[in-house]
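A short worksheet on the structure shown next.
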Amino acid sequence: MRRAVCPGSFDPITNGHLDIIARASRLYDEVYVAVMVNKSKKGLFEIDERIDLIRQVTGEYANVRVESFHGLLVDYCKQRDIPAIVKGLRAVSDFDYELQMAQMNNGLSGVETLFVPTNPTYSFLSSSLVKEVAAWGGDVSHLVPPQVLDALTRKLRKD
């Protein structure tokens, strides 16, 4: 059984994230989407909301599992016998940080990191940018799945 993990905060999940998850799901028997829990950082969406949204938009991929995790990603991988981390790279600036993380993860546990170049359509896209544009009333409908757009609109209306 070939397993991989796609980790992130996914606050919220974007079409760029979904593209990487879909591509990983074609390469691996099981793909875990691991939603990072960072208690010191307040996100727009609660962890359970993120997991629910990700499950909705990845429902067509029978081999994708969505879970949260707290702690070191390599520990998460060890607990589930996952030998590979799949990360999307948008630009050279992502590579510097991600390479350090990949080398640290490999040194700690032997887990490999596979870098997948982001679809050029999404090369500028980040959850932070989506939230900022949406908060100012900008149209992000082409950047997130419809379910996420609905949730984002409802959430921002409350604030």
Side-chain angles (χ1 to χ4, degrees), residues 4-28 31-61 64-74 76-77 84-105 111-159:
V5 62
C6 293
S9 57
F10 305 104
D11 187 34
I13 189 167
T14 68
N15 289 340
H17 293 128
L18 201 50
D19 177 60
I20 298 298
I21 294 165
R23 291 160 66 190
S25 77
R26 291 191 297 270
L27 298 171
Y28 290 93
V31 174
Y32 288 78
V33 177
V35 182
M36 296 185 303
V37 177
N38 184 346
K39 304 248 187 234
S40 65
K41 193 174 180 185
K42 175 69 174 130
L44 179 63
F45 290 95
E46 299 296 327
I47 297 298
D48 290 343
E49 292 174 305
R50 294 181 214 174
I51 289 171
D52 183 51
L53 286 170
I54 297 166
R55 285 183 177 151
Q56 287 179 48
V57 301
T58 61
E60 68 185 89
Y61 308 111
V64 171
R65 319 249 179 284
V66 185
E67 300 177 338
S68 65
F69 83 94
H70 177 73
L72 293 175
L73 181 58
V74 293
Y76 178 90
C77 291
I85 300 166
V86 176
K87 299 286 291 193
L89 292 179
R90 294 172 292 193
V92 173
S93 57
D94 286 349
F95 181 76
D96 290 337
Y97 174 76
E98 294 297 347
L99 178 63
Q100 290 176 11
M101 292 300 296
Q103 291 170 332
M104 177 62 81
N105 288 336
V111 172
E112 295 290 349
T113 300
L114 285 86
F115 296 124
V116 178
T118 302
N119 179 323
T121 304
Y122 308 122
S123 63
F124 65 93
L125 187 54
S126 71
S127 295
S128 299
L129 193 55
V130 164
K131 289 184 288 193
E132 185 174 345
V133 171
W136 287 102
D139 180 12
V140 295
S141 60
H142 59 294
L143 305 176
V144 295
Q147 302 94 316
V148 175
L149 181 63
D150 291 343
L152 189 58
T153 302
R154 284 192 310 273
K155 182 72 77 169
L156 292 173
R157 244 189 255 138
K158 287 181 185 177
D159 291 343

Side-chain heavy atoms of T58 within contact of I21, under 4.5 Å: yes

Heavy-atom check, side chain of F69 versus side chain of V5, under 4.5 Å: no

Rounded distance [0.5 Å steps], CD1 in I20 versus CD1 in I13: 11.0 Å

Audit row: V33, F10, side chain to side chain contact (heavy atoms under 4.5 Å, CB included) steps and yes/no: CA-CA 10 Å; V33 177; F10 305 104; 3.7 Å; yes

Close side-chain approach of L44 and P12, heavy atoms under 4.5 Å: no

H17 and S127, any side-chain heavy atoms less than 4.5 Å apart: yes

Listed partners of N119 passing side chain to side chain donor-acceptor pair (under 3.5 Å), at least two apart: T121

Under-4.0 Å salt bridge between D11 and K131: yes

T118 (side chain) donor-acceptor with L89 (main chain) under 3.5 angstrom: yes

Side chain to side chain, F45 and V35, heavy atoms closer than 4.5 Å: no

Listed partners of D52 passing salt bridge (charged side-chain N to carboxylate O under 4.0 Å, His left out), at least two apart: none

From OG (S68) to CG (D48), nearest 0.5 Å: 7.5 Å

Shortest non-hydrogen contact between A135 and L156, atoms and distance: N-CD1, 3.6 Å

Distance in Å, M36 CE paired with Y76 OH, rounded so as to fall on 0.5 Å steps: 12.0 Å

Partners passing salt bridge (charged side-chain N to carboxylate O under 4.0 Å, His left out) against E46 (at least two apart in sequence or in another chain): K42

Test item: R90 side-chain N/O and Y122 main-chain N/O as donor-acceptor pair under 3.5 Å: no

Trace of the side chain to side chain contact (heavy atoms under 4.5 Å, CB included) decision for Y28 with L114: CA-CA 12 Å; Y28 290 93; L114 285 86; 3.5 Å; yes

Trace of the salt bridge (charged side-chain N to carboxylate O under 4.0 Å, His left out) decision for D19 with R23: CA-CA 6 Å; D19 177 60; R23 291 160 66 190; 2.9 Å; yes

Name of the residue among I85, L73, L99 meeting side chain to side chain contact (heavy atoms under 4.5 Å, CB included) with T113: I85

Non-neighbouring partners of E49 that pass salt bridge (charged side-chain N to carboxylate O under 4.0 Å, His left out), sequence neighbours left out: K155

Heavy-atom closest contact (S25 atom, V64 atom, distance): CB-CG2, 4.0 Å

Taking every non-hydrogen atom, the tightest pair across P7 and V86: CD-O, 3.8 Å

More than 12 heavy atoms of other groups within 6.0 Å of E132 CD: no

Those residues that, when tested against R65, pass side chain to side chain donor-acceptor pair (under 3.5 Å) (two or more places apart): E30

Got a list of side-chain donor-acceptor pairs under 3.5 Å for residues 140-148, not counting sequence neighbours?
| residue | atom | partner | partner atom | Å |
| --- | --- | --- | --- | --- |
| S141 | OG | D139 | OD1 | 2.7 |
| S141 | OG | D139 | OD2 | 3.4 |

